[in-house]
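For reference, the structure is listed below as structure tokens.
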Amino acid sequence: MGRMELVFAEVEERGVQSAEKTVIQAVHKELFIDGKWRASSTGRSLPVEDPSTGEVLCEVADAGVEDGLAALDAAVAAQKDWAAYAPRERGEILRRAYQLLLDRADDLALLMTLEMGKPVAEAKGEITYAAEFFRWFAEEAVRIDGGYATAPNGQGRFLVMRQPVGPCLLITPWNFPMAMGTRKLGPAIAAGCTVVIKPAEQTPLSMLALTDILAEAGLPAGVLNVLTTSDPGPVMEPLIKDGRIRKISFTGSTAVGKILLAQAADKVLRTSMELGGNAPFLVFDDADLDVAVEGAMMAKTRNMGEACTAANRFYVQRGVAQEFGRRLTSRMAELKVGRGTEEGVKIGPLIDNDAIAKVVELVADATAAGAKVLTGGSTVDGPGHFYPPTVLTDVPRDARMGREEIFGPVAPISVFDTEDEVIAAANDTEFGLVSYVFTTNINRALRVSERLEAGMIGLNTGLVSNPAAPFGGVKQSGVGREGGRIGIEEFLEVKYVAVGLS
Ligand code: ADP
């Protein structure tokens with residue numbers, strides 16, 4: 001490298017580092033309660049790590065029980081006025097926040113990559129996706145309607161109205177730090193609910209940045225209250241048991257979802273639960289293999305496989321199994337692994353050491369039972385929590401990765417012969433979030449879509465998430481739907497007035 005090039009390289013490197021520092025510095029690190037940023041009553045702080053280096057990026061306030069109750073008080077106090085706000089006004093606030101998210105997409109994407117690890121291009125995609133929830137629910141805010149009907153005996157009238165459920169507790173995971181926030185905040189705000197929201201401890205920064213945007217967009221004090229904490233169980237439980245919260249909307253693991261459902265029972269709270277998945281990915285002999293491989297890449301490598309919608313089990317019909325495996329392997333093997341800020345990186349780090357340990361364990365279990373490694377399969381040296389894109393074949397049906405979420409870039413393939421056999425295998429799980437089906441036969445497509453036990457089907461596509469569509473699962477994958485026309489219903493109560501006419 002010549003002298004001049006070296007100088008440029010140094011400048012560029014410093015430029016990158018200072019951009020990282022700038023986006024981190026710009027974020028408030030405190031709790032947001034009743035329209036004000038304030039310190040935690042515990043005096044403690046919560047370190048936020050960069051999963052690509054293991055280094056601490058910054059520290060944010062670590063809320064305790066007292067802060068949680070202060071946030072609840074603020075949400076309860078603001079509820080009456082917020083419910084009375086003009087729906088158009090609520091929609092306009094969301095519309096302005098939508099625009100601010102897009103205007104600041106580059107900085108927000110970098111911030112997300114730093115705390116969560118995904119490649120910057122994907123993080124930017126998530127900012128757009130996240131913003132779309134605000135646009136969608138800005139439009140839905142003015143479409144909350146009711147009904148008027150004549151009683152069957154002709155003598156009375158029925159009046160049906162929809163009202164906000166009341167103050168809500170929203171809890172979000174680390175894998176989509178912005179979109180899981182807007183997916184809950186959009187409909188809650190549109191419906192006229194006030195909220196306390198708690199982002200995951202690994203990724204609080206995106207939510208704190210979003211809080212600033214909503215305040216700037218004109219959200220009144222008390223409508224949004226944000227808690228960051230290292231101690232979610234003890235801080236959340238008193239809010240849930242208090243009785244003034246009327247609804248919990250949670251996205252996260254099935255294990256924590258069950259705890260929250262049990263806690264919610266005490267005061268009979270409304271609940272929406274987006275929990276774990278174990279998505280089967282079915283490729284029939286009559287599939288368009290180009291489309292199937294493209295779909296597989298999307299469903300497996302998006303977010304490094306750290307998505308509840310990630311394809312977890314590939315079932316490929318015998319006639320195309322070898323060819324599908326060969327093509328998927330060659331695509332997976334060429335993916336660049338590295339820090340999400342680096343040019344061309346497609347696979348960033350997993351979130352932490354536990355995530356790596358889980359993937360290592362599942363791969364070891366499968367290979368011990370006879371699975372063959374087509375690519376990947378071994379850990380990458382640190383720093384950072386990296387795992388290479390991996391394809392396994394001949395994976396026995398009873399391997400642990402057939403039952404547990406891998407949450408990493410590992411694609412296990414097994415072969416099937418008949419439609420009945422593969423549907424039985426696909427449905428043999430307590431989960432039911434999404435299933436993927438690849439076939440060009442319309443009869444088979446509809447037949448299989450009807451028989452799969454899942455809340456969503458990706459038919460010849462590896463991506464189902466869309467703000468305008470109802471996202472959610474059946475069985476232990478959850479309760480309720482987010483997005484689409486139905487999304488706002490989760491935050492509305494139906495009230496019926498029996499009208500006596502004389
Ligand atoms: P993951 O295993 O993907 O980290 P979790 O279900 O543990 O998923 O976390 C999802 C969200 O639930 C996070 O915001 C986390 O802080 C929160 N959480 C974890 N445990 C509890 C709990 N006992 N009560 C309330 N929230 C919790």
Side-chain angles (χ1 to χ4, degrees), residues 116-119 122-123 125-126 128-130 132-133 172-184 200 249-254 257 272-283 291-315 328 346-348 350-351 355 359 389 401-412 426-427 429-438 449 452-484 486-487:
M116 188 274 166
K118 71 181 73 181
E122 265 194 75
E126 183 181 335
T128 310
Y129 171 54
E132 285 298 335
F133 282 104
T172 57
W174 50 262
N175 58 346
F176 293 95
M178 190 64 90
M180 297 304 98
T182 58
R183 181 151 90 175
K184 296 185 190 307
S249 177
F250 171 75
T251 299
S253 61
T254 295
S272 301
M273 297 277 148
E274 297 292 355
L275 309 176
N278 178 8
F281 189 105
L282 280 49
V283 183
V291 174
V293 171
E294 205 52 52
M297 291 302 288
M298 173 60 84
K300 187 70 255 181
T301 67
R302 176 170 174 253
N303 227 37
M304 292 81 79
E306 292 176 316
C308 50
T309 51
N312 210 58
R313 306 170 277 154
F314 290 81
Y315 297 128
L328 183 63
K346 292 285 190 291
I347 300 287
L350 299 191
I351 192 72
V359 174
M401 61 173 62
R403 281 173 280 124
E404 297 176 34
E405 261 186 319
I406 302 169
F407 246 59
V410 178
N427 288 341
T429 166
E430 68 263 32
F431 297 104
L433 188 61
V434 57
S435 301
Y436 301 93
V437 182
F438 288 78
S449 295
L452 287 170
E453 295 165 2
M456 301 176 286
I457 308 283
L459 182 56
N460 294 321
T461 176
L463 182 68
V464 294
S465 304
N466 191 307
F471 185 105
V474 300
K475 297 159 84 175
Q476 293 187 34
S477 286
V479 184
R481 294 292 180 271
E482 294 189 314
I486 208 173

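Starting from 1, each residue takes its place in the sequence as its number.
Rounded to the nearest 0.5 Å, atoms CG (Asn303) and CE (Met298) are 11.5 Å apart. Taken from CD in Glu405 to CG in Leu433, the straight-line distance is 8.5 Å, to the nearest 0.5 Å. Interatomic distance, Ile406 CD1 to Glu306 CD, rounded to the nearest 0.5 Å: 12.5 Å. Atoms CE and SG, from Met180 and Cys308 in turn, are 7.0 Å apart once rounded to the nearest 0.5 Å. With rounding to the nearest 0.5 Å, the separation of CZ in Phe431 from CG in Leu275 is 8.5 Å. Here Met178 contributes atom CE and Thr128 contributes atom OG1; the two are 11.0 Å apart, rounded to the nearest 0.5 Å.
Of all heavy-atom pairs spanning Pro173 and Ala200, the tightest one is C-CB, 3.6 Å. Closest approach of Ala179 and Ala130 over heavy atoms only: CA-CB, 3.6 Å. Closest non-hydrogen pair, Ile347 versus Pro389, comes out as CG1-CG, 3.9 Å. When all heavy atoms are compared, the tightest approach of Glu132 to Pro467 is CB-CG, 3.5 Å. For the residue pair Pro177 and Lys118, the shortest heavy atom distance occurs at CD-NZ, 4.3 Å.
By the 4.0 Å N-to-carboxylate-O rule, Lys184 lies close enough to Glu482 to be salt-bridged with it.
Tyr436 has its side chain out of reach of Asn460: every pair of non-hydrogen atoms, C-beta onward, lies at least 4.5 Å apart. A heavy-atom distance below 4.5 Å is not found between the side chains of Pro280 and Val434. With a 4.5 Å cut-off on side-chain heavy atoms, Phe250 and Ser272 do not count as touching. For the pair Val437 and Ile457, the minimum side-chain heavy-atom distance is below 4.5 Å. Taking the side chain as every heavy atom from C-beta outward, Leu350 and Met304 approach each other to under 4.5 Å. Between Arg313 and Ser435, every side-chain heavy-atom pair lies at or beyond the 4.5 Å cut-off. Residues Thr251 and Met273 have side chains not in contact (no heavy-atom distance under 4.5 Å, counting atoms from C-beta outward). Using a 4.5 Å cut-off on side-chain heavy atoms (C-beta onward), Pro470 and Ile486 make contact.
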side-chain contact (heavy atoms from CB on, under 4.5 Å) between Leu328 and Lys300, worked out: CA-CA 10 Å; Leu328 183 63; Lys300 187 70 255 181; over 6 Å; no
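Side-chain contact of Asn278 with Asn312: a donor-acceptor pair under 3.5 Å is present, judged by distance alone.
Partners of Ala468 by side-chain contact (heavy atoms from CB on, under 4.5 Å), not counting sequence neighbours, listed by chain and number: Trp136, Asn466.
No donor-acceptor pair closer than 3.5 Å links the side chain of Arg302 to the backbone N or O of Thr309. The backbone N or O of Gly458 lies less than 3.5 Å from no partner atom in the side chain of Thr461, so there is not a single donor-acceptor pair. No side-chain donor-acceptor contact under 3.5 Å links Glu430 to the backbone of Gln476. Between the Ser477 side chain and the Gly276 main chain, a donor and an acceptor come within less than 3.5 Å of each other.
Phe281 and Phe438 have parallel rings, their planes meeting at less than 30° on a 0 to 90° scale where 60° marks the start of perpendicular.
Within the structure, the salt bridge (charged side-chain N to carboxylate O under 4.0 Å, His left out) test picks out the following pairs touching residues 456-480 (sequence neighbours left out): Glu453-Lys475.
The side-chain tip of Arg183 points at the ring of Phe471 from less than 6.0 angstrom away and within 45° of straight on.
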